[in-house]
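Sequence lines set the chain letters: A, B, ... in the order given, protein chains first and strands last, and positions in each chain run from 1. Every value quoted in this text rests on a predicted model; they were computed, and no experiment measured them.
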Number of protein chains: 2
Amino acid sequence: MTIDTPTQTVLYTLEQAIKTYRRLCQQNIDRVVDKLTVDQALILIVLDKHPALSQQQIAELVFKDKASLTRIIELLVQKGLLTRGMHSADRRKFELHLTPQGQHTLAQLTDTILLNQRTALAGLSEEELVQFHSTLQKIIANCSTPAPCA
Amino acid sequence: MTIDTPTQTVLYTLEQAIKTYRRLCQQNIDRVVDKLTVDQALILIVLDKHPALSQQQIAELVFKDKASLTRIIELLVQKGLLTRGMHSADRRKFELHLTPQGQHTLAQLTDTILLNQRTALAGLSEEELVQFHSTLQKIIANCSTPAPCA
DNA sequence: TATTATTTGTTGATATATCAACTATATTTG
DNA sequence: CAAATATAGTTGATATATCAACAAATAATA
């Protein structure tokens, strides 16, 4: 189609890039494990790396809502990939641990995760990536700034 | 928090940027119109610019599923911002038109849309934007390529 | 210590994303 | 023209995003 972009800006392209990337990720995940979403995989990765974090902290880390975290974790527990136990110090919190099956699933995903990243960033120079990251950070800062006038 | 990013790559930052930008957009939309989502606003904009497009074509244009389009359009019709009439040539399709109220809502959004874009991209040089866009296009192309090996 | 305020996580409601199945209509083809 | 195929859009199921209201537990304070 030869229709110009709706917003005429790169932000439209940004949206497209994320969607295309997530689609690639899901396709590659589907090849190695059954019925696991990109977001569920992400939470498995984060929980493995940072087992001491609370749900709230994980939510912040991956830019998700705590409500979303509750539901994703519930699904992971249902699938037998995660256990949710009492927290010793703070009874409001839970202790989250990957089950052996969760560890196994994660192990199967390791190569996929790398593949996804390498595929998406193929042919980009280190310098280009640094510049790209810098621009993204500027955009994030711009959008995070509290609005100038109420 | 001093925790490194989960994926160690810019793709994580990309996700963060989109989320932060969408949040900004929603906040600014909330200031001028009542109960309208970012996606609904986007569809209004696109329909106004391209009134002849089918739902399918609009879906492709904004990288959404046709099922999502059906539902978003339904909500816009419910809100009285859009009419859905018979298509003269092809009875599978619909003719979508903004109502006067839809036009009015869109007019109220015009400044907001510009504000969102300007806010997000403030302080970025033309050259930086061109480079940024180029990198995004490369990532999209990388992710769109059918996987090398099955 | 009793009260108040804050924090952690859950739940409900609504919107969107994705996939698959489905209907109705058009188009192609034999 | 009839049958097969393709296309447009809808609907159902499930997952996630967001917001608000909420319960339970903890922390702060008077």
> Just how far, in rounded Å, is C1' of C/dC19 from CD of A/Q27?
13 Å
> Using atom NZ of A/K19 as one end and atom P of D/dT16 as the other, report the distance to the nearest whole Å.
16 Å
> Whole angstrom is fine here: how far is it from CG in B/L24 over to P in D/dT18?
13 Å
> Do you see a donor-acceptor pair shorter than 3.5 Å between the side chains of A/E74 and A/T70?
no
> How close do B/C25 and B/V38 get, counting heavy atoms only, and between which atoms?
CB-CG2, 3.9 Å
> Please pick, from C/dT11, D/dG9, C/dT16, the nucleotide with the shortest atom-to-atom distance to any side-chain atom of A/A67.
C/dT11
> To the nearest angstrom, how far is A/R22 atom CZ from C/dC19 atom P?
12 Å
> Which part of the nucleic acid does B/Q40 contact within heavy-atom distance under 4.0 Å: base, sugar-phosphate only, or nothing?
sugar-phosphate
> Taking only Lys NZ, Arg NE, NH1 and NH2, and the carboxylate oxygens of Asp or Glu, determine whether B/D39 and B/R22 approach each other closer than 4.0 Å.
yes
> Using whole Å, report how far CD1 of B/I29 lies from P of C/dT16.
11 Å
> Let me spell it out: for each of A/E74 and B/K64, pick the nucleotide of DNA chain C with the closest heavy atom. Which residue's pick is nearer the 5' end?
A/E74
> Classify the nucleic acid contact of A/I72 as base, sugar-phosphate or nothing, counting any heavy atom under 4.0 Å across all strands shown.
sugar-phosphate
> Counting just side-chain N and O atoms, does A/R91 come under 4.0 Å of either OP1 or OP2 of C/dT8?
no
> Considering every strand and a 4.0 Å limit on heavy-atom distances, what is the contact class for A/L75: base, sugar-phosphate, or nothing?
sugar-phosphate
> What protein N or O atoms touch nucleotides 1-8 of chain D N or O atoms at under 3.5 angstrom, if any, and at what distances?
from  : atom 1 : to    : atom 2 : distance (Å)
D/dT7 : O2     : B/R92 : NH1    : 2.6
D/dA8 : OP2    : B/Q56 : NE2    : 3.4

> Looking for any heavy atom pair under 4.0 Å, which part of the strands does A/T37 touch: base, sugar-phosphate only, or nothing?
sugar-phosphate
> Which atom names give the shortest non-hydrogen contact between B/K64 and B/S68, and what distance separates them?
CB-CB, 4.5 Å
> If hydrophobic clusters are built from ILVMFWY residues whose side chains come within less than 4.5 Å, do B/L129 and A/L124 share one?
yes
> Looking at B/T70, does any N or O in its side chain come under 4.0 Å of the phosphate oxygens OP1/OP2 on D/dG9?
no
> For the pair made of CG in B/D39 and C1' in C/dT14, what is the distance, rounded to whole Å?
13 Å
> Rounded to the nearest Å, what distance is computed from the CG atom of residue B/D65 to the C1' atom of nucleotide D/dT11?
12 Å
> Within the pair B/R71 and D/dA13, is there a side-chain N or O less than 4.0 Å away from OP1 or OP2?
no
> In terms of side-chain heavy atoms, does B/T105 have a donor or acceptor partner in B/Q101 at a distance below 3.5 Å?
no
> Determine whether more than 12 heavy atoms belonging to other residues, nucleotides or ligands lie under 6.0 Å from atom CD of B/Q78.
yes
> In whole angstrom, give the distance that lies between atom CD1 of A/I73 and atom C1' of D/dT16.
14 Å
